[in-house]
Amino acid sequence: MKILVSACLLGEPVRYDGNHNILSLDVLKQLKSKHQLFSFCPEIEGGLETPRIPAEILNSKVINQSGEDVTKQFEQGANKALTLCQEENIKVALLKAKSPSCGSNKIYDGTFSKVLIDESGITAKKLLDNGIAVYNEEELESFLTFLNDTVE
Ligand code: SF4
């Protein structure tokens with residue numbers, strides 16, 4: 001199965017601070033042995049660099065901690081993610097939790113105070129709105145069950 005995966009979960013140092021969030025080696029091995037993974041970082045694809053100033057969503061805009069509006073870059077990254085999924089017929093994504101781009105279900109509230117709200121990041125929402133299943137790394141059990149249950 002084809003799976004879009006947040007690049008940082010695959011160990012690429014693309015986070016705002018230059019780090020990554022690599023999955024456990026067991027999970028990576030399992031995924032790579034059975035599936036085709038498409039590594040993607042929407043913020044880099046949207047034109048931002050690493051390292052970059054952290055950003056959060058507030059009132060439908062993405063604002064970084066210096067007060068700059070980076071909504072356009074985040075939306076461009078989301079559009080590119082959707083285009084890749086459509087071109088490659090990717091139906092499921094494993095995206096990094098809590099990110100203003102990749103987070104599904106919960107993201108920070110835009111005040112840079114570590115408060116979570118029930119919302120999705122720009123890319124996760126774009127994919128969900130277009131019928132692509134989105135899981136995060138905190139839902140690995142249900143994600144792996146979904147993969148096992150899905151017959152191509
Ligand atoms: S935008 Fe997504 S893939 Fe890129 S660093 Fe943030 S969480 Fe990882």
Side-chain angles (χ1 to χ4, degrees), residues 1-25 27-32 35-58 60-88 90-140 142-144 146-147:
M1 187 164 202
K2 293 179 174 181
I3 308 169
L4 187 80
V5 185
S6 289
C8 57
L9 293 179
L10 294 174
E12 293 188 37
V14 290
R15 266 177 40 154
Y16 72 91
D17 57 3
N19 285 321
H20 58 70
N21 299 94
I22 194 164
L23 296 164
S24 79
L25 293 181
V27 171
L28 275 178
K29 196 172 161 193
Q30 190 178 342
L31 291 176
K32 285 180 177 172
H35 305 284
Q36 187 179 358
L37 308 185
F38 289 75
S39 177
F40 193 90
C41 175
E43 292 175 25
I44 297 297
E45 293 295 330
L48 296 171
E49 295 178 344
T50 299
R52 55 190 173 277
I53 300 165
E56 294 188 1
I57 301 173
L58 184 64
S60 304
K61 294 265 177 217
V62 191
I63 309 293
N64 72 19
Q65 215 162 5
S66 295
E68 295 161 329
D69 186 336
V70 286
T71 309
K72 195 172 146 199
Q73 290 92 328
F74 274 61
E75 285 180 348
Q76 184 170 311
N79 288 334
K80 284 190 178 179
L82 179 60
T83 298
L84 177 62
C85 289
Q86 289 172 335
E87 285 175 354
E88 292 289 343
I90 297 169
K91 301 287 188 201
V92 62
L94 178 65
L95 301 184
K96 174 76 186 73
K98 301 176 194 147
S99 150
S101 289
C102 294
S104 50
N105 308 328
K106 290 203 181 289
I107 56 171
Y108 293 112
D109 71 350
T111 62
F112 298 95
S113 53
K114 301 283 178 207
V115 176
L116 290 166
I117 53 171
D118 294 330
E119 254 300 344
S120 293
I122 305 285
T123 293
K125 185 168 186 336
K126 172 78 71 178
L127 299 185
L128 286 164
D129 287 348
N130 284 275
I132 295 162
V134 176
Y135 291 86
N136 64 55
E137 80 284 8
E138 296 172 354
E139 306 167 320
L140 275 179
S142 45
F143 172 63
L144 295 174
F146 172 88
L147 294 181

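Just so you know, these numbers come straight off a predicted model, no measurement behind them. Both counts, for ligands and for their atoms, begin at 1 and track the order of listing.
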Trainee: How about N136 and K96: does a side-chain donor come under 3.5 Å of a side-chain acceptor?
Mentor: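 Looking only at side-chain atoms, K96 and N136 do not form any donor-acceptor pair under 3.5 Å.
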Trainee: For E43 and R52, run salt bridge (charged side-chain N to carboxylate O under 4.0 Å, His left out): C-alpha distance rounded to whole Å, both residues' side-chain angles, the deciding distance at 0.1 Å, then the answer.
Mentor: CA-CA 10 Å; E43 292 175 25; R52 55 190 173 277; 2.8 Å; yes
Trainee: Starting at CG of L9, measure out to SG of C102 and round the result to the nearest 0.5 Å.
Mentor: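 Answer for the CG-SG pair, L9 versus C102, is 7.5 Å.
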Trainee: Strictly under 4.0 angstrom, heavy-atom based: which residues surround ligand 1?
Mentor: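 S6, A7, C8, V14, R15, F40, C41, P42, E43, R52, K96, S99, S101, C102.
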Trainee: Using only atom types and a distance under 3.5 Å, with no angle test, would you say the side chain of T71 pairs donor to acceptor with the backbone of V62?
Mentor: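 Checking the backbone N and O of V62 against the side chain of T71, a donor-acceptor pair under 3.5 Å is found.
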Trainee: Looking at E75 and K126, does any basic side-chain N land under 4.0 Å from a carboxylate oxygen?
Mentor: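 No, this pair does not count.
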Trainee: Examine the side chains of T111 and E56 and answer whether a donor and an acceptor come within less than 3.5 Å of each other.
Mentor: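 No.
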